[in-house]
Number of protein chains: 2
Amino acid sequence: MTEPTPAYKARLFEPLARQPASHRISTVIEQKILRRSLRPGDALPTETELAEQFAVNRSTVREALRRLESAGLVGREGGSKRLKVTRPGHAETASRVGRTLALDDVTFIELWEAMRAVAPRVAALSAEQGNAADVAQLEAIVAAVETARSADGAVNQVVEFFGKLAELSGNRVLQLAMQPVTRLLAPSLRRMIDRVPQGRTRILVAQRCIVEAIREHKPDEAESWMTRHVQDFRRGYELAGIALDTKVGIGSMAD
Amino acid sequence: MTEPTPAYKARLFEPLARQPASHRISTVIEQKILRRSLRPGDALPTETELAEQFAVNRSTVREALRRLESAGLVGREGGSKRLKVTRPGHAETASRVGRTLALDDVTFIELWEAMRAVAPRVAALSAEQGNAADVAQLEAIVAAVETARSADGAVNQVVEFFGKLAELSGNRVLQLAMQPVTRLLAPSLRRMIDRVPQGRTRILVAQRCIVEAIREHKPDEAESWMTRHVQDFRRGYELAGIALDTKVGIGSMAD
DNA sequence: TCGCACTATATTGTCCGACAATCGGACTAT
DNA sequence: ATAGTCCGATTGTCGGACAATATAGTGCGA
């Protein structure tokens, strides 16, 4: 599946890659950025200059730039005209991951498993790191979950809760891992809340316990509460009578 | 931090978004793909046709296409000329995530925490799912780790091991989460092996135990062995005298 | 009728030159 | 200092052009 080479025929030569100039150009610039020769904030040369330096037409340069732009490696700040080197924002990367997963028809249970793996550790780390201000922010979100009038609003706040938690953990890897998962899980959560009336209050209880554990810097408690919380989510989902292998849709991709 | 508006001055109007035509075009096509009007495998119209339909110049269409190409939403199969709709490959998405993290100067400890969260669950799931053929593949990789002559070779095989494990788990979310992490962790592992001679054999022992647990369908054992394995990795790292907050570099981005 | 070489056509990658819109400054008047 | 004006630089888009080559026919031989 991951091996494109047919096993029955050893290939002597790779198909020599004659990449279009535009592609090679974007690769060169990309490398410069990844190797920090070009640093975030630096302005790129103008299109005309680049065209001269690479000795190609400006149109060719532009195609390369569009590619880098889409990769999030360059972009504009404000209404500016010049392109600058930017570091790909987490939000954008996360949304790209979400897209990949959604197009892959991942199922609820796959997302849930990821949640089960990551969320408890995130909670534990947050309990180690969190300070009073952080806890206050979490409490604000929990309050918003409670008072949200629409189910959609509540769901969004729950997503926020996890996002903030990931932020508090101080771990950008876990943060980036969690973001697409929660976003894709949101529609499922929405349906679950609709069909299981007590679901929302159970969420609130769990959140309060987690926040409490974080406030008191008890990682183990935070972790175990989060574990229970995630388990609960699945149970609610089953209770709602939705199949675990339901494909999550694109509904949540609100770029 | 996330609020660019100065607090002291309420902004009355949003900056009105004048998107370039090429950008709007790529968005339109992207939406068609995400909403499954265009499905993977479908061929896009030719550039000339698109230019006619959108009533723009071909150059403009091309810029839009480069954007989509970079997003992994369209691409070519083989040496083909026509662009086809493709689902963004996991490999590509994973490498993009890796890039984002690397440019963010994530530290060893952050990656390790992610590993700690995900890997044990992956092992457990694999133990539930794995069949004899899968186990054989894992054993092959373990053997390769043992017989690898160069340290680099061994490290690559270890990465392979985790990759295969993630594949066996049948969970594409965890698979996608794990891939960038292991790849970014590879150089650290390399250095660790260099400095801690017994590291390699410890890895082998752990891998054997994990494979054994998978063969016998014992998720709990697989999980706890993996937990120990990951803990061990960290200990080896500390033993090697490398700071836990060492930034991982771009070294592993071998696109 | 099938398979294969060969040709014609379509399509892409790149180039050239052009132009309107507008952004960044410099310079000026209030 | 602020607002108004002017100008060069830069981007976004356009139209047309051409070589290279993938694709589709087309015809030929078995």
Side-chain angles (χ1 to χ4, degrees), chain A residues 4 11 13-30 33 38 41-86, chain B residues 4 6 8-9 11-30 33 38 41-86:
Chain A
R11 80 171 12 158
F13 297 110
E14 291 299 313
L16 56 87
R18 278 182 301 90
Q19 293 175 327
S22 65
H23 192 288
R24 268 175 296 161
I25 290 176
S26 65
T27 307
V28 168
I29 300 179
E30 175 183 325
I33 296 175
L38 283 170
D42 291 356
L44 285 174
T46 65
E47 295 176 354
T48 318
E49 266 176 287
L50 285 173
E52 281 172 11
Q53 295 184 17
F54 285 113
V56 297
N57 193 274
R58 190 160 73 96
S59 313
T60 308
V61 169
R62 292 191 113 249
E63 295 193 24
L65 290 179
R66 291 299 85 75
R67 199 179 264 122
L68 292 172
E69 213 174 28
S70 166
L73 289 172
V74 306
R76 270 173 249 282
E77 285 168 1
S80 169
K81 199 164 256 200
R82 285 293 272 288
L83 276 174
K84 291 189 171 183
V85 176
T86 62
Chain B
Y8 55 85
K9 193 166 188 177
R11 101 170 357 159
L12 191 47
F13 297 109
E14 293 298 314
L16 54 85
R18 277 178 303 92
Q19 292 178 326
S22 65
H23 191 288
R24 270 175 294 160
I25 290 176
S26 65
T27 307
V28 168
I29 300 180
E30 176 183 325
I33 295 176
L38 282 170
D42 292 357
L44 285 173
T46 66
E47 295 176 354
T48 318
E49 265 176 287
L50 285 173
E52 282 172 12
Q53 295 184 17
F54 286 113
V56 297
N57 192 280
R58 190 160 75 95
S59 313
T60 309
V61 168
R62 290 190 113 250
E63 295 194 22
L65 290 179
R66 290 300 85 74
R67 202 184 284 271
L68 294 172
E69 213 174 26
S70 166
L73 289 172
V74 306
R76 270 174 251 281
E77 288 167 358
S80 169
K81 194 164 262 199
R82 284 292 272 288
L83 276 174
K84 291 190 173 184
V85 176
T86 62

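Order of the sequence lines sets the chain letters (A, B, ...), proteins ahead of strands, with each chain counted from 1.
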K.L.:
Expressed in angstrom and rounded to an integer, what is the separation of R58(A) atom CZ from dC15(C) atom C1'?
P.N.:
13 Å
K.L.:
Are the side chains of L83(A) and E69(A) in contact, using a 4.5 Å heavy-atom criterion?
P.N.:
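Counting from C-beta outward, E69(A) and L83(A) do come under 4.5 Å.
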K.L.:
Please report, rounded to the nearest Å, how far the P atom of dC15(C) is from the CD1 atom of I25(A).
P.N.:
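Interatomic distance, CD1 of I25(A) to P of dC15(C): 8 Å.
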K.L.:
With respect to the phosphate group of dA22(D), does any side-chain polar atom (N or O) of R82(B) fall under 4.0 Å of OP1 or OP2?
P.N.:
no
K.L.:
Can a side chain N or O of R62(B) be found less than 4.0 Å away from OP1 or OP2 on dG13(C)?
P.N.:
yes
K.L.:
Starting at atom NZ of K84(B), determine the distance to atom C1' of dA22(D), rounded to an integer number of angstrom.
P.N.:
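Computing the K84(B):NZ to dA22(D):C1' distance gives 13 Å.
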K.L.:
Does K81(B) contact dT21(D) through a side-chain donor or acceptor facing the base, at a distance under 3.5 Å?
P.N.:
yes
K.L.:
Could you pull out the closest heavy-atom pair between G41(B) and K84(B), with the gap in Å?
P.N.:
O-CD, 3.7 Å
K.L.:
Out of E49(B), E47(B), E52(B), which one pairs with R58(B) under the salt bridge (charged side-chain N to carboxylate O under 4.0 Å, His left out) rule?
P.N.:
E47(B)
K.L.:
Does the side chain to side chain contact (heavy atoms under 4.5 Å, CB included) test come out yes or no for R82(A) and T46(A), once each step is laid out?
P.N.:
CA-CA 7 Å; R82(A) 285 293 272 288; T46(A) 65; 3.9 Å; yes
K.L.:
Which nucleotide, dT14(C), dG12(D), dC15(C), lies nearest any side-chain atom of N57(A)?
P.N.:
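Nearest to the side-chain atoms of N57(A), counting from C-beta on, is dC15(C).
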K.L.:
So, is T60(A) close to the dC15(C) phosphate, meaning a side-chain N or O under 4.0 Å from OP1 or OP2?
P.N.:
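Result: yes.
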K.L.:
Is the phosphate of dA10(C), meaning OP1 or OP2, less than 4.0 Å from a side-chain N or O of T46(B)?
P.N.:
no
K.L.:
Without decimals, in angstroms, what is the distance between Q19(B) CD and dA21(C) P?
P.N.:
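One finds 20 Å between P of dA21(C) and CD of Q19(B), rounded.
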K.L.:
Is a salt bridge present between E63(A) and R66(A), judged by a nitrogen-to-oxygen distance below 4.0 Å?
P.N.:
no
K.L.:
Can you tell me the distance, in whole Å, between the CD atom of E49(B) and the P atom of dT11(C)?
P.N.:
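Result: 7 Å.
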K.L.:
OP1, OP2 of dG12(D) versus side-chain N and O of S59(B): anything below 4.0 Å?
P.N.:
no
K.L.:
Let me know the distance between CG of L65(B) and C1' of dT11(C), rounded to the nearest Å.
P.N.:
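Answer to the nearest Å: 13 Å.
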K.L.:
dG13(C) phosphate, OP1 or OP2: any side-chain N/O from R76(B) under 4.0 angstrom?
P.N.:
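For R76(B), the contact criterion (side-chain N or O under 4.0 Å from OP1 or OP2 of dG13(C)) is met.
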K.L.:
Could you tell me the separation between the CD atom of E47(B) and the P atom of dA10(C), rounded to a whole number of Å?
P.N.:
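The distance from CD of E47(B) to P of dA10(C) comes to 16 Å, rounded to the nearest Å.
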K.L.:
Just to confirm, is there a sub-4.0 Å distance from OP1 or OP2 of dC23(C) to any side-chain nitrogen or oxygen of S80(A)?
P.N.:
no
K.L.:
Report yes if at least one side-chain N or O of S22(A) is closer than 4.0 Å to OP1 or OP2 of dG13(C); otherwise report no.
P.N.:
no
K.L.:
May I have the distance from E63(B) (atom CD) to dT11(D) (atom P), rounded to whole angstrom?
P.N.:
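Taking atom P of dT11(D) as the reference, CD of E63(B) is at 12 Å.
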